[in-house]
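Whatever order the structure lists them in is the order used to number ligands and atoms, beginning at 1. Sequence positions, counted from 1, serve as the residue numbers for this chain. Only heavy atoms go into these numbers, but all of them, side chains included; no hydrogens, no water, no symmetry mates.
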Amino acid sequence: MDYIKLSKAMSYALRHAPWEYELELDEYGWVSIEQLLYAFREEKKWYELDIKDIIYVVDNCDKKRFETDGKRIRALYGHSIPQKIIKESMQPPDILYHGTARRFLTMIMEKGLIPKGRQYVHLAVDKDMALQVGKRRDSEPDLLVINARKAWNEGVKFYKGNERVWLADFIEPIYIEIE
Ligand code: HQG
């Protein structure tokens with residue numbers, strides 16, 4: 001079993017295009033694991049897929065991308081589907097980080113961090129993770145420091161993705177510093 005491929009397919013189905021698998025996510029992003037399994041099995045490459053493989057990915061992928069409650073599964077962040085997944089607002093750590101490509105910097109410092117193709121802006125709890133995210137787009141990414149405490153105190157909403165990823169609707173430039 002190629003678990004990286006499976007994780008990518010699960011991300012695609014649960015974040016970006018559930019309709020391609022005839023799946024309907026509820027307002028919190030949940031879908032039945034069994035439905036996901038049956039939908040995947042329709043494809044030749046996944047016809048032998050077992051529920052254990054899905055659970056394996058949930059428990060073992062390099063980042064905590066998914067969660068289950070036994071019967072249902074959902075992606076914890078990264079969504080791009082038109083229907084906005086509801087996240088409960090929570091007080092974030094005082095400082096959060098965002099790694100980005102050098103070519104985006106001027107625009108970000110002028111307009112703020114926007115979700116672009118996703119539903120939320122993604123922020124990291126530590127510098128390493130932020131730089132790793134930035135490296136997807138630039139070999140020498142810029143590191144942005146987000147004054148989340150000030151933003152939260154001034155009414156900006158934050159949402160928890162997982163232990164290392166936080167989400168926001170938008171981050172104004174006044175809360176962003178370049179490290
Ligand atoms: C940039 C991965 C110009 C932003 C990662 C980023 C993450 C702007 C890009 C998760 C901008 C959007 C998300 C502005 C933001 N002008 N550029 N005003 N505001 N940007 O992929 O944060 O491995 O949607 O800096 O680990 O890179 O898939 O967001 O470069 O947690 O699980 O626009 O995806 O997780 O890119 O990554 P993305 P991201 P997975």
Side-chain angles (χ1 to χ4, degrees), residues 2-18 20-21 23 25 28-31 36 53-68 73-85 87-90 92-93 95-148 151 156-179:
D2 184 339
Y3 288 112
I4 292 181
K5 230 184 208 158
L6 179 57
S7 168
K8 287 193 171 154
M10 285 164 57
S11 285
Y12 184 68
L14 297 172
R15 291 173 172 179
H16 307 301
E20 284 188 29
Y21 299 86
L23 296 173
L25 309 189
Y28 300 98
W30 291 109
V31 72
L36 180 73
D53 298 318
I54 293 179
I55 301 299
Y56 182 86
V57 170
V58 174
D59 293 339
N60 295 287
C61 71
D62 57 334
K63 299 175 184 173
K64 179 101 191 94
R65 295 188 173 92
F66 312 101
E67 73 173 347
T68 65
I73 181 166
R74 67 175 171 180
L76 288 167
Y77 61 88
H79 299 88
S80 71
I81 54 171
Q83 166 213 343
K84 194 159 177 182
I85 298 300
K87 293 272 178 190
E88 196 192 327
S89 171
M90 262 193 239
I95 301 288
L96 288 165
Y97 300 93
H98 179 89
T100 192
R102 285 168 289 181
R103 63 184 181 278
F104 296 154
L105 200 62
T106 314
M107 208 54 168
I108 292 174
M109 294 317 284
E110 196 181 309
K111 305 262 187 230
L113 279 170
I114 56 170
K116 292 264 200 99
R118 302 190 200 256
Q119 297 187 349
Y120 296 94
V121 171
H122 287 61
L123 305 166
V125 297
D126 57 81
K127 295 182 186 183
D128 276 358
M129 167 122 192
L131 287 170
Q132 201 186 309
V133 173
K135 280 195 178 132
R136 287 152 57 242
R137 296 213 160 73
D138 187 338
S139 58
E140 285 177 56
D142 277 313
L143 182 65
L144 305 180
V145 183
I146 314 301
N147 192 341
V156 176
K157 286 187 176 153
F158 289 84
Y159 316 88
K160 194 173 176 178
N162 64 24
E163 292 307 320
R164 301 183 73 193
V165 178
W166 281 78
L167 309 172
D169 301 297
F170 167 63
I171 301 288
E172 275 185 71
I174 46 164
Y175 303 120
I176 307 173
E177 256 177 50
I178 307 164
E179 167 130 318

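With a 4.0 Å heavy-atom cut-off, ligand 1 is reached by no atom of Arg103. With a 4.0 Å cut-off on non-hydrogen atoms, Gln132 does not touch ligand 1 at all.
Protein heavy atom in closest approach to atom 27 (O) of ligand 1: Arg136 NH1, 2.9 Å. Closest protein heavy atom to atom 11 (C) of ligand 1: Ile108 CG1, 3.5 Å. In terms of protein heavy atoms, atom 36 (O) of ligand 1 is closest to Arg137 NH1, 3.1 Å. When hydrogens are left out, the protein atom nearest atom 18 (N) of ligand 1 is Gly112 O, 2.9 Å; that is the closest non-hydrogen contact. The nearest heavy-atom contact from the protein to atom 3 (C) of ligand 1 is Lys116 CE, 3.7 Å.
Of all the atoms in ligand 1, the ones that sit under 4.0 Å from a non-hydrogen atom of Arg65 are 23 (O), 32 (O), 40 (P). Within the listing of ligand 1, atoms 3 (C), 16 (N) sit less than 4.0 angstrom from a heavy atom of Met107. Ligand 1 places these atoms under 4.0 Å from at least one heavy atom of Lys63: 2 (C), 5 (C), 23 (O), 26 (O), 35 (O), 40 (P). Proximity to Phe104 (heavy-atom distance under 4.0 Å) selects the following atoms of ligand 1: 1 (C), 3 (C), 17 (N), 30 (O). Close approach to Thr100 involves these atoms of ligand 1, each under 4.0 Å from a residue heavy atom: 4 (C), 25 (O), 30 (O). Those atoms of ligand 1 with a heavy atom of Leu113 less than 4.0 angstrom away are 15 (C), 19 (N). Atoms of ligand 1 found under 4.0 Å from any heavy atom of Arg15 (numbered from 1 in listed order, with element): 28 (O), 32 (O), 40 (P).
Ring geometry for Tyr77 versus His122: interplanar angle over 60°, hence perpendicular rather than tilted (30 to 60°).
The environment of Gln83 atom CD is dense: over 12 non-hydrogen atoms of other residues, nucleotides or ligands sit within 6.0 angstrom. Around atom CD1 of Ile174, more than 12 heavy atoms belonging to other residues, nucleotides or ligands sit under 6.0 Å away. At most 12 non-hydrogen atoms from other residues, nucleotides or ligands lie less than 6.0 angstrom from NZ of Lys8. For Lys157, the NZ atom counts as loosely surrounded, since its 6.0 Å shell holds 12 or fewer non-hydrogen atoms of other residues, nucleotides or ligands.
Under a 4.0 angstrom heavy-atom cut-off, His98 registers as being in contact with ligand 1. Residue contact check for ligand 1: Ser11 places no non-hydrogen atom closer than 4.0 Å to it. By the 4.0 Å heavy-atom criterion, Glu110 is excluded from the residues contacting ligand 1.
Of the possible donor and acceptor atoms, one in the side chain of Tyr120 sits under 3.5 Å from a partner among the backbone N and O of Ile85. Of the possible polar contacts, none joining the Arg137 side chain to the Gly134 backbone as a donor-acceptor pair under 3.5 Å is found.
Residue Ser7 is tested with Val57, Asn60, Ile54 for a side chain to side chain contact (heavy atoms under 4.5 Å, CB included); the sole match is Val57.
Side chains of Tyr97 and Asp126: a donor-acceptor N/O pair is absent below 3.5 angstrom, by distance only.
Looking at His122, Arg118, Met129, it is Arg118 that brings a heavy atom closest to atom 29 (O) of ligand 1. Comparing Asp138, Val121, Asn162, Val133 against atom 5 (C) of ligand 1, the shortest heavy-atom distance belongs to Val133.
Scanning all heavy atoms of the two residues, the minimum distance from Ala13 to Leu36 falls at CB-CD1, 4.1 Å. Taking every heavy atom of both residues into account, Pro173 and Glu110 meet most closely at CG-O, 3.6 Å.
For the pair Ile114 and ligand 1, the shortest N or O to N or O distance falls below 3.5 Å.
Interatomic distance, CZ of Phe158 versus CG of Leu96, reported as 6.0 Å (0.5 Å rounding).
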